[in-house]
Amino acid sequence: MLSMRKYLFSAGFALLIAATSVSITVMTPPAFASEIKYVINDVPITTGDIAHRKAFLKLQRKKGDAAQEMIDQTLRMAEVKRLGIKVTDEQVDAAYQRFATNNKMQLKQLDGVMAQSGVGKEHFKEFIRAQMAWNQALSARYRSGDGGSVTEQDAVRRMLDKGGSKPTAMEYMLQQVIFVVPASERSATLGKRKREADAMRARFNGCNTTREFAKGLIDVTVRDLGRVLAPQLPPEWADQIKATKVGGATATRETERGVEFIGICSSREVSDDKAAQMVFQSEGNNDKNADDLSKKYVEELRKKARIVER
C-alpha cells in the first residue's frame with residue numbers, strides 16, 4: 001500500500017508544534033483577505049487559501065510555493081471526486097485527533113497552535129482530507145498498472161536473486177456487509193443505520209450466519225468478496241482486516257453507500273506465483289515510488305486543466 005506519511009508529520013514538525021503551543025494565548029492569529037486569485041476548472045483558490053498554506057509551510061519549516069501547492073491540491077481533489085473517492089468528516093476528525101494525541105496535546109491546544117500560526121484548523125483538516133483521498137487515488141492507479149506493476153517474470157527473477165525462496169502472503173476470505181443509506185436520506189437516517197450496523201457487527205460470529213442475520217433487516221446487502229491477498233486489500237480497510245481475528249468483523253465505517261463492515265471468513269498463508277508477484281509489487285511500492293507516481297499524475301492533470309490567474 002502507498003505510504004500515508006504525507007499527512008503524518010515528522011518529529012521535527014511535532015517539536016515545532018510543541019514549542020509553538022507554549023505561547024498560544026500570547027499572539028493574535030493573523031487575518032487573511034479572501035479575493036479569488038486562481039480558478040482551476042471553475043474551482044476558485046483565494047488569496048486567503050494561499051496565505052493559510054504559506055503559514056502552514058512556515059510552521060513546517062519547509063520551502064515551497066504556497067500558490068502552486070494549492071493549485072496541485074485543487075487538481076488532486078478534482079481527480080479524487082471524478083474517481084468517486086470520499087473521505088468522511090469522521091475520518092478527518094479521527095486523523096486530527098491522532099495527530100494531537102501523538103504530539104501529547106489536547107484538541108484545544110492543537111486548535112490554538114493552528115489559529116496562532118495562521119494555518120487554521122479547517123485548513124489543516126482539508127489538507128489531511130486531501131492527502132488521505134489522494135493516497136487512495138494513487139493506490140488505485142498503482143494497482144491498475146500505471147505505477148509500474150511487477151510481472152510474473154520479474155517475480156521469478158527476484159525469487160532467484162533471493163536464493164530461490166518464494167515469498168508468502170496472507171490470503172483472506174472476506175464478506176462485506178452494507179447497510180444501504182440513499183443519498184437523499186443520509187442526514188435523516190445515517191445515525192440509525194450505524195446503530196443497526198453496530199448491533200449486527202457485535203453479533204457476527206462467522207460468515208455462514210450473516211445472511212440469516214440480515215433476513216429481517218431492510219436494505220442490507222451481503223457480498224462474498226472471495227479470496228484477497230494482503231497486498232490487494234483496499235487501503236482504507238487493510239489495517240482493520242489484518243488486526244481482526246478469523247470469525248470476527250472490522251469496526252463499522254461510514255461510506256458513500258451507507259454503513260459497512262467486513263467479516264473475516266478465513267485466512268491462511270500462501271506461497272505461489274501470484275503471491276510472489278503481489279508481494280514483490282508491494283515491496284517496490286515505497287515512498288520514492290509514491291512520490292514519483294504522484295508527480296507524474298499531477299503533471300498529467302495540469303496539462304488537461306484550465307488554470308486561470310486573476
Side-chain angles (χ1 to χ4, degrees), residues 7 34 36 39-46 49 73-97 120-141 143-144 174-204 207 209-226 228 233-241 249-263 301 304-306:
Y7 68 95
S34 284
I36 294 175
V39 179
I40 316 299
N41 295 334
D42 298 326
V43 177
I45 297 174
T46 68
D49 296 327
Q73 180 171 303
T74 303
L75 290 171
R76 289 171 183 152
M77 291 307 290
E79 177 68 358
V80 160
K81 183 177 180 181
R82 186 187 71 81
L83 294 172
I85 295 171
K86 294 183 180 179
V87 175
T88 66
D89 291 342
E90 290 77 12
Q91 289 173 287
V92 173
D93 288 342
Y96 189 75
Q97 174 69 72
K121 72 175 182 180
E122 293 307 320
H123 184 84
F124 186 32
K125 284 186 174 183
E126 283 310 303
F127 174 80
I128 292 173
R129 186 192 306 276
Q131 297 298 345
M132 293 176 77
W134 186 242
N135 185 76
Q136 292 185 44
L138 287 177
S139 293
R141 183 161 174 133
R143 290 196 302 272
S144 74
L174 303 175
Q175 193 175 69
Q176 181 183 35
V177 181
I178 307 171
F179 281 67
V180 179
V181 180
S184 60
E185 301 174 14
R186 193 171 182 89
S187 60
T189 64
L190 186 62
K192 177 175 179 292
R193 296 296 275 170
K194 189 174 189 311
R195 290 191 294 272
E196 292 174 350
D198 286 335
M200 182 174 175
R201 182 255 179 192
R203 296 171 61 198
F204 188 91
C207 299
T209 57
T210 314
R211 286 182 169 81
E212 190 66 29
F213 286 158
K215 273 185 179 178
L217 300 173
I218 299 173
D219 290 336
V220 176
T221 300
V222 179
R223 295 176 178 171
D224 293 319
L225 301 181
V228 184
L233 293 170
E236 65 271 25
W237 289 102
D239 289 344
Q240 288 192 52
I241 290 171
T250 67
T252 58
R253 288 184 66 246
E254 295 175 13
T255 70
E256 68 276 8
R257 291 177 290 269
V259 183
E260 307 179 24
F261 64 84
I262 303 288
L301 296 176
K304 299 175 185 176
R306 187 173 68 259

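Not one N or O on the side chain of N41 forms a donor-acceptor pair closer than 3.5 Å with the backbone of A305. For Q91 (side chain) and T88 (main-chain N/O), a donor-acceptor pair under 3.5 Å exists by modelled atom type. In this structure a side-chain-to-backbone donor-acceptor pair under 3.5 Å is present from T46 to D49. Checking side-chain atoms of R129 against main-chain N and O of V87 turns up a donor-acceptor pair under 3.5 Å.
Taking CD of E236 as the reference point, atom CE of M132 lies at 10.0 Å (rounded to 0.5 Å). Taken from CZ in R193 to CD in E260, the straight-line distance is 12.0 Å, to the nearest 0.5 Å.
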With side-chain contact (heavy atoms from CB on, under 4.5 Å) as the test, would you mind laying out the steps for I85 and E256 before giving the verdict? CA-CA 9 Å; I85 295 171; E256 68 276 8; over 6 Å; no
Please step through side-chain contact (heavy atoms from CB on, under 4.5 Å) for the pair I40 and L75, ending with a clear verdict. CA-CA 7 Å; I40 316 299; L75 290 171; 3.6 Å; yes
Evaluation steps, side-chain contact (heavy atoms from CB on, under 4.5 Å), between F179 and L217: CA-CA 9 Å; F179 281 67; L217 300 173; 3.9 Å; yes
Take K86 and T255 through the test side-chain hydrogen bond (donor to acceptor under 3.5 Å, both in side chains) and record every step on the way to the result. CA-CA 8 Å; K86 294 183 180 179; T255 70; over 6 Å; no
Start with the C-alpha gap between R76 and Q131, add the side-chain angles, then the distance that decides, and say whether side-chain contact (heavy atoms from CB on, under 4.5 Å) holds. CA-CA 9 Å; R76 289 171 183 152; Q131 297 298 345; 4.3 Å; yes
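Between K125 and D89, none of the side-chain N atoms (NZ, or NE/NH1/NH2) sits under 4.0 Å from a carboxylate O, so this pair counts as no salt bridge. Between D42 and R306 a salt bridge is recorded (basic side-chain N to carboxylate O distance below 4.0 Å).
Residues C207 and T210 approach most closely at O-OG1, 3.3 Å, considering heavy atoms. Across R211 and V222, no two heavy atoms sit closer than the pair NH2-O, 3.3 Å. For the residue pair L301 and W134, the shortest heavy atom distance occurs at CD1-CH2, 4.0 Å. Contact detail for R201 and A249: the closest heavy-atom pair is NH2-O, 3.1 Å.
With a 4.5 Å cut-off on side-chain heavy atoms, F127 and E122 do not count as touching. By the 4.5 Å heavy-atom criterion applied to side chains, V220 and V177 are counted as neighbours.
Residues meeting the side chain to side chain contact (heavy atoms under 4.5 Å, CB included) test with K192, sequence neighbours left out: R195, E196. For R223, the side chain to side chain contact (heavy atoms under 4.5 Å, CB included) test picks out Q176, I178, T221, L225, with sequence neighbours left out. Every salt bridge (charged side-chain N to carboxylate O under 4.0 Å, His left out) that E79 has, sequence neighbours left out, goes to R82. Legend: residues meeting side chain to side chain contact (heavy atoms under 4.5 Å, CB included) with L190, ordered by chain and number and at least two apart, are V181, R186, E254, V259. With sequence neighbours excluded, the residues satisfying side chain to side chain contact (heavy atoms under 4.5 Å, CB included) with T250 are W237, Q240, I241, T244, F261, I262. Residues satisfying the salt bridge (charged side-chain N to carboxylate O under 4.0 Å, His left out) criterion with D239, sequence neighbours excluded, are absent altogether.
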